[in-house]
Amino acid sequence: MRIGELSERTGTSRRLLRYYEEQGLIMAERAANGYREYDERIVDRVVQIKGLLDAGLPTRIIKQILPCLDKPRTIYFPDATPEMIATLEHQLDRMTERVNCLARNRDAIAEYLDAVRDGSPPDVAPRDPRPHESAAS
């Protein structure tokens, strides 16, 4: 597929796709007319790259971990520095926090939808019927 189709299918601008190529994150073949031609598997690769960028990983780290995302997986890092390991550990912690937050939000929305569909109010903490006393009393 050409860059325009890849852009449409992944929601990624052509400019950004060219940047991914410059960074060595994706590769394109060149047709006889010089146009970029992308393999079908690049669609998933671009989606993975976008997800990793959204999670806060820099492209230099993404480039190093991309082989781990392929199947069969190839995990071999002769140049894994302490900085890279610390960065990945930090990013893993951030992703875990985001996953937990998303799960809580998903559960809350599901509970709300269930209640709305059943016509009963969602579980909420009961309000204290006593008036609040002011600090001056």
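Given the structure is predicted, the values throughout are model-derived calculations rather than measurements.
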### Query
Do any N or O atoms from the side chain of S7 and from the backbone of I3 form a donor-acceptor pair under 3.5 angstrom?
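Answer holds: no.
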
### Task
Report the C-alpha distance between E8 and M1 in whole Å, list the side-chain angles of each, state the deciding distance to 0.1 Å, and finish with yes or no for side chain to side chain contact (heavy atoms under 4.5 Å, CB included).
CA-CA 11 Å; E8 288 177 24; M1 85 189 76; over 6 Å; no

### Student check: side-chain heavy atoms of N100 and R104 closer than 4.5 Å
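Yes, their side chains come closer than 4.5 Å.
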
### Message
If you define the side chain from C-beta out and look only at heavy atoms, does anything of D39 sit under 4.5 Å from I42?
### Response
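They are in contact (side-chain heavy atoms under 4.5 Å apart), so the answer is yes.
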
### Message
Which residue in the set R2, E21, R14 passes side chain to side chain contact (heavy atoms under 4.5 Å, CB included) when paired with R36?
### Response
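With R36 as partner, R2, E21, R14 yield a single side chain to side chain contact (heavy atoms under 4.5 Å, CB included), made by E21.
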
Rounded to the nearest 0.5 Å, what separation is found between the [atom1] atom of [X] and the [atom2] atom of [Y]?
X: L92; Y: L88; atom1: CG; atom2: CG; result: 8.5 Å
X: L52; Y: K50; atom1: CG; atom2: NZ; result: 12.5 Å
X: Q48; Y: D44; atom1: CD; atom2: CG; result: 6.5 Å
X: H90; Y: M95; atom1: NE2; atom2: CE; result: 10.5 Å
X: L16; Y: E22; atom1: CG; atom2: CD; result: 10.5 Å
X: L53; Y: I61; atom1: CG; atom2: CD1; result: 12.0 Å

Mind listing the closest non-hydrogen atom pair of [X] and [Y] along with its distance?
X: R45; Y: L66; value: CD-CD2, 3.5 Å
X: Q23; Y: K63; value: O-CD, 3.4 Å
X: I62; Y: L57; value: CD1-O, 3.6 Å
X: Q91; Y: A55; value: OE1-O, 2.8 Å

#### Entry: Crowding at CZ, R15 (>12 non-hydrogen neighbours, <6.0 Å)
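No, CZ of R15 has 12 or fewer neighbouring heavy atoms, counting only those of other groups under 6.0 Å.
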
#### Entry: With T10 via side chain to side chain donor-acceptor pair (under 3.5 Å) - residues at least two apart
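Once residues adjacent in sequence are excluded, the partners of T10 under the side chain to side chain donor-acceptor pair (under 3.5 Å) criterion are T12.
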
### Query
After noting the C-alpha distance and the side-chain angles of L102 and R106, does the key distance pass the side chain to side chain contact (heavy atoms under 4.5 Å, CB included) rule?
CA-CA 6 Å; L102 286 171; R106 178 204 57 215; over 6 Å; no

#### Entry: Transitive ILVMFWY side-chain link Y19 to Y38, under 4.5 Å
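Yes; tracing contacts between hydrophobic side chains, which count when under 4.5 Å, links both residues.
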
